[in-house]
Each structure stands twice: as structure tokens, then as C-alpha cells.
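Sequence lines set the chain letters: A, B, ... in the order given, protein chains first and strands last, and positions in each chain run from 1. Since we're looking at a predicted model, the values are computed, not measured.
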Amino acid sequence: MRVERPKDRDHGDWATNVAMQVAKAAGAKPRDVAGHLASRLAGRPGIASAEVAGPGFLNIRLAAGAAGELARFIVEAGPKYGLGDAMKGLTVNLEFVSANPTGPIHLGGTRWAAVGDSLARLLESQGAEVIREYYFNDHGVQIDRFAASLLAVVLGEDPPEDGYVGQYIQDIADEVMVEAMAARDKDPIERPRAEALEFFRDRGVKVMFAQIKESLHNFGVDFDVYFHEESLHESGAVDKCLGELKASGALYESEGAWWLRSTEQGDDKDRVVIKSDGTAAYIAGDIAYIRDKHHRGANLCVYLLGADHHGYIARLKAAAVALGYNPESVEVIIGQMVNLVKGGEAVRMSKRAGTVVTMEDLVEAVGVDAARYALTRSSIDATIDIDLDLLASHSNANPVYYVQYAHARAGAVARNAAEYGISRDQAFAPETLTHETETALLGLLGEFPRIVAQAAQFREQHRVARYLEELAGAFHGWYDRTRVTPQGDEPVTDLHRSRLWLNDATRQVLANGLGLLGVGAPERM
RNA sequence: GCCCCCGUAGCUCAGUUGGAUAGAGCGUCGGACUUCUAAUCCGUAGGUCGCAGGUUCGAAUCCUGCCGGGGGCACCA
């Protein structure tokens, strides 16, 4: 059952299918139920008409003043318009990006940075407390390979097998060397090989991580917690956790290894947590990490992962269950991949071919706003193509400008109105906002809170972007056919003043919506 | 083989968790600036919603099967 804005304006301002839904239970025909409701609604304050239509829809038309009052409400609510409290009391640990510190963040990670931050804003808009978290995999063999790659380039050797290549390896190695010299450390390359490797591992990761943090910051994404996997091992948290899980029977022993019952959460097979040589598998860190997140107050752990990590869902939920938590306390959101496109053709990103696009490349090419908007306006279920040339163009193939322009335009209207002495301090006559573009605009403005609440509930930030495009369209149409300032020697009337409220209300909603996407709302363009 | 995502206008994608005549942008074609920002607006053309069944008052949406594209299936991390 729902009350919604009908697609067809002829069907009124609001329409509901309630009569069809309850007809069976009421033992009456849908149209009869609707007719009864219509007669009860008609004549109530604010309602102009209520009619039965089609198989039993109830079409409701609001009195002009009632619809227009919304403009005042929005302007007075300001940045708070659109907020809700459906998630009050919920503490969400939202983990995203978590790219390995062995290189810069690529397009894929950039998508999760934009989406994750937007989801965080959406959850917060509904009253949830959100911890933005980045899990820093600084423990495994890939870090050893990274260190070996740095050392190799300093020594002028060939990169190691499965090592990392690219200019950034040289740059980081240089930076590590410069820092070593400045600190008057012992020259790294004079050290024994094992010691030199450890030196580059430690310093190299620090430098790489600082770069990643800076890129994210410049992208407008700052995490509350940068969590080091290494710390779970160093503190003994992993060992302690594993010991308890063995003792409690949450893990079982087979073929000399200890297993997690991930099949109970839909996995193809159970997963090894403690290898038969007694060492911990990667997943052991994940388990201890989930416990740590809960201990830090999270009652919902959300993971935003790429499609290539789809297999993690079952094992992360199984990990929660093994720890005694509800599997619902772990939520894994899987997003599809990002493709690089040039001239209409897909380009396979390859380090060797030099076709890798990083977060910094993307920002440099198109700017933060265009980048974030392009990455958040699509459903995460859709694979997206990024065409740098297209995004850099200030054309309508680039809807971020369409929305931003609407905001800037509303700002210009307000400035002009001020010059004419039109201000919101004077009369507001909501019943004067009767132009068809005004009815449409007011209708859309009224939907914003519901759009935001649903976007948060379904973890679908793209709904906000799509809504903003629709709202911007309605605003441009209104701008084109009505005027806030008088023409010629026309006097200023209540209609002009009332339209300023509508203009400012629209600007507020555009700003609030863009804010949820982490995209700027410029005053001028 | 099994699991996940996708298939909607020439292209890129929405489609309010089952509603009324399936939408937007780009691209076509044609219009609108001597007055608040033309990064805009108005009009036009374009569809077996991958295919076939099923569920019901009603399906792009839910179920089953098939076809096509992408991703994943380690005692790696």
C-alpha cells in the first residue's frame, strides 16, 4: 500500500492504491472502498478534491495554498530538510576502499570511495552514527613483495617475481631514501638484505599510506578509523580470538587444520582459519576484526566490496556467527566493476601498458565534483564505463553540471531579487503559486525526504542523484516560464515574493541533495 | 559445474520493492535569448522491457527454465 505522486499530473497531486489493497479484507469492491474514502476526504482543510479512478485508485488534489506552504517549511528547515530518524540508535561501522597499501588507488577503489562516503552521509541523515573505516592490509606477503620491489629499484635490479612496477615504485623508493638521509639513518642499501627489506617495508608502507590518505582527502573522503591489520596480529588479538573459537567449538578440526562453518551461511565449502602448519589464514584477521568492531560499539558492520569479492559474503557472516553475533550484524554490499573507456572503446587497465587510471588521475582530468557525481549516479549493481574525455567536457552528457547549474541559477535569481527589494521578510502568499511548473516543482520538493530515507534504507545513493536531475529539470522549466523579478515597470507583488520562497526552497533541496553525494553546490558557474 | 550482477529507445542508463498510456540524458530533426545565468527551455522521432512459461484484478518489477555479457569459486593475501 502506498501514497505516491502519480506520473500523470491529470491523476492529481497524490494518488493511493489503498482501496485496492484493503478491498479483499473489507469484503467490498475496490471502487466502492475508494468512493467511501473519497467522500470522507473531500472538504477537509487543504484538500481540493478526492476522486476515484481506474480500478480503484484514489486521486487527491491539494488546495493551492496547502501545496505552497511547503516552500516555507523547506526554507525554515534549511540543511535539516530531508533528515529523518529511522536509524536512530544504530551504530554502523562502514568499511570501504580498504585498498592494499602497495600502490595508488585505482578507478575501482575510487568508485567505492565516492559511494561509501555518500552512503555514510545517507545513513547519518537518518540518525545513524557512522564510523567510516579503512582496513589497511599491511600484514601479508603482498607487502613483502612491495618492499622487495622498492629495494630492487634502488639497487637497480630487475623487479622481483610478482613484484610491483611503475613510476610510483621509483618515486616511493626515492622518498624513502631521502627521508633516510635526512634522518641520518644508516644508508639502507648498506644494510644486510633482510634488514634493508624490513626498512623498505616499514618506511615504504608509511609513505604509500600517506599518499593514499592524501588522495582520499583531496577527493573529499576522510575516514574516522584507518585500521592496521598488522595491529590485530601484534596485539595478540588474533591468537586470543582463535584460541577461544577453538575452545568454544565454533571452529572444528579436520585434516590438521581448523575450519569455519561457512557453508551454513551459503558458502560452497567451509574455509580454513588455522592452516595445518599452525599459522593463521587471512580470514583469521577478518574474524578478530569483526569482534574488534563490535567491541568498539558497532551494532552493524557494513562492508562495501567489489564484485570480485563476492565470495566473501558467506565467510564474513559465518565469522560473525562463530563469534556469537547475529549474521544480520554483518552486511556485505557488492558493487560492480569500473571500466575505462576511450573513444567509445574499452581499455584494459594494465600497469605495464601504462593505462592504469588512479584516483589522482581522475581528479586531475575532470575535477572532484564531476568524478564523484559520475561514480555515484549509477546503481552499484551496474558496471560503469568511465570516459575521461566525456567527463571533462562541460556538456550535458555530464549531468553534474545540469544539477549544479540549477543551484547556481537559483543563487543568481535570489541575488537579483534582492536588488529589486524582494525579500522573504515580506509577505508569503502560498496560494499564488499555481502555475503548472510550480505545482510540479512543489510536488518534487515534497518528495525529497522520502527519496533520502529510501536511498539510506536500500543503500542506493544513486536515487538521490536521479532525483536531483529530475528536480533540476523541473526548476529549469519553472525558471523558463515564470519570473521572480518584475519586468519593465511592473510593480513587485506577493507573487514575486512568494516565488522567491520557492526559488530558495529549491536551492536548499539541491544543496542538501548534492551534499549527500559529496558534490559541491556552487553559487556561481 | 556452482554462486553473484546485468540484459529496457541508435548509445549511456533510470524505473519510487506489483500499479494507471514504460521514462531521462546524449545522438536525429525543428524551434526559443534587446530584461532574473542559453552549462537553459519547448517541440519531434525512436520500444516484441533478452526469450518462453507461471503467479493475479494488474508484471519491466515476483517465481521457474533457457540464451547472451561481466565477475567469483585456495590450507593466497
| query | Of all the nucleotides listed (B:A39, B:G71, B:U17), which has the minimum atom distance to the side chain of A:F458? | reply | B:U17
| task | Tell me whether the OP1 or OP2 atom of B:C2 has a side-chain N or O from A:K269 closer than 4.0 Å. | result | no
| message | If you only use heavy atoms from C-beta on, which nucleotide in B:A77, B:G15, B:C13 is closest to the side chain of A:H462? | response | B:G15
| request: May I ask you to say what A:G488 touches in the nucleic acid, namely base, sugar-phosphate or nothing, with a heavy-atom cut-off under 4.0 Å? | output: base
| Where the side chain of A:Y282 is concerned, which of B:C41, B:A38, B:A77 is the nearest nucleotide? | B:A77
| How is A:Y312 classified with respect to the nucleic acid when contacts are heavy atoms under 4.0 Å: base, sugar-phosphate, or nothing? | base
| task | Rounded to whole angstrom, note down the P distance from B:C62 over to B:U8. | result | 16 Å
| Between B:C76, B:A14, B:U16, which nucleotide has the shortest distance from any of its atoms to the side chain of A:R450? | B:U16
| query | For the side chain of A:R409, counting heavy atoms from C-beta on, which of B:C5, B:U40, B:C75 is nearest? | reply | B:U40
| For atom P, what is the distance between B:G27 and B:C63, given to the nearest Å? | 38 Å
| said: What's A:R315 touching, base or sugar-phosphate or nothing? Going by heavy atoms closer than 4.0 Å. | reply: base
| message | Roughly how many Å apart are B:G58 and B:C51, using the C1' atom of each and rounding to a whole number? | response | 22 Å
| Looking at A:Y373, does any N or O in its side chain come under 4.0 Å of the phosphate oxygens OP1/OP2 on B:G25? | no
| query | What is the base-pairing partner of B:C62, counting Watson-Crick and G-U wobble geometry with both distances under 3.5 Å? | reply | B:G54
